Amino acid sequence: MAHLIDGKKLSAQVLQEVASEVKMLRAEHDIVPTLAVVLVGEDPASQVYVRNKVNRAEEAGVCSISHHLDAECTQDVLNKLIDDLNNDPQVHGILVQLPLPSHLNEEEVIAAIHPLKDVDGFHPLNVGALASGRPSLVPCTPQGCMIMLHQVHPDMSGKNAVIVGRSNIVGKPMAALLLQENCTVTIVHSRTKNIESLCRNADIVVAAVGRAKLINADWIRPGATVIDVGINAIDVDGKRKLTGDVDFESVAPIAGAITPVPGGVGPMTIACLLLNTTRAAKRQSDKT
Ligand code: NAD
């Protein structure tokens with residue numbers, strides 16, 4: 001049976017590190033790392049994500065300020081809020097919960113966030129910095145995946161890594177991070193041919209698709225490490241249950257290591273958001 005990479009336990013360790021950094025910043029420099037969270041509309045999943053982020057921030061001593069705009073809010077109103085937050089010296093990180101209602105332009109909003117406050121790491125300048133291997137605010141989910149991978153592979157040099165999914169928030173930044181670790185990286189996606197055999201050749205498989213249980217044991221080489229980013233709600237006996245992109249029951253007996261869903265990548269993402277907020281606070285105050 002595969003080694004279980006426990007995201008709950010690992011994220012608690014990361015949050016503890018954040019908490020001691022925050023304590024030091026407060027005590028020695030009178031800085032309180034502060035995260036502004038912007039939610040537009042009433043999407044129930046987004047509300048849950050925001051609540052989780054705010055709760056974890058509180059636990060780590062990071063100050064969080066929530067801004068809830070109604071679903072009909074205009075681009076100008078949202079842009080003005082971002083501008084105010086950019087200019088507020090008390091705010092170190094800005095997170096706009098995505099997706100936004102369809103009448104709002106996400107790219108415009110992301111580009112409006114000051115790169116130093118872009119704790120999601122989605123601003124084009126941070127994307128470019130990551131692609132060219134310079135220090136930046138790195139997207140939280142791939143950053144969390146790398147912390148998990150380091151638990152099993154302290155040295156990833158020369159490993160074959162396959163990422164399933166090419167989104168801007170997971171697949172592409174994940175590829176950049178694995179390349180930095182000297183992996184041989186392949187991204188496969190909805191148009192890829194022979195996707196199963198490409199995955200079967202991998203030492204590391206990262207699944208970020210959004211299709212419940214797409215990846216089964218036939219896709220995985222015995223002993224490979226499997227990171228499951230997917231979060232899919234499925235119906236089991238009339239009850240709503242969260243499941244990953246990986247068919248855990250069939251893959252766990254043959255993989256070398258695997259992350260569960262829930263309790264895997266999800267908690268790591270939030271921990272890395274707070275890590276980024278603390279880093280942003282230090283950088284903005286020249287305390288790096
Ligand atoms: P996305 O929809 O932006 O991208 C999905 C990618 O999967 C696309 O690149 C597409 O080409 C590829 N794809 C679709 N069908 C495929 C198929 N049959 N075979 C191979 N590739 C296929 O999704 P995303 O934002 O990257 O999110 C992916 C999943 O990860 C979702 O379930 C999402 O909820 C989850 N997610 C989890 C976290 C977390 O913190 N755990 C964070 C972000 C996203």
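Since the structure is predicted, the reported quantities are computational estimates derived from the model, not experimental observations. Note that ligands are numbered from 1 as they come in the structure, with each ligand's atoms numbered from 1 the same way.
Here the closest heavy-atom approach between residue Ile5 and residue Pro260 is recorded as O-CD, 3.2 Å.
At a heavy-atom cutoff of 4.0 Å, ligand 1 is surrounded by Thr141, Val164, Gly165, Arg166, Ser167, Ile169, Val170, His189, Ser190, Ile195, Ala208, Val209, Gly210, Arg211, Leu214, Val229, Gly230, Ile231, Asn232, Val265, Gly266, Thr269.
Counted within 6.0 Å of CG on Asp70, heavy atoms from surrounding residues, nucleotides or ligands total more than 12; the atom is thus considered enclosed.
Using a 4.0 Å cut-off between charged nitrogen and carboxylate oxygen, Asp84 and Lys80 count as a salt-bridge pair.
Under the 3.5 Å distance criterion, with hydrogens and angles disregarded, a donor-acceptor pair is assigned to the side chains of Ser250 and Asp247.
Within the structure, side-chain hydrogen bond (donor to acceptor under 3.5 Å, both in side chains) contacts touching residues 105-115 (residues at least two apart or in different chains) are Asn79-Glu108.
Side chain of Asn126 to backbone of Phe122: no donor-acceptor contact under 3.5 angstrom is found.
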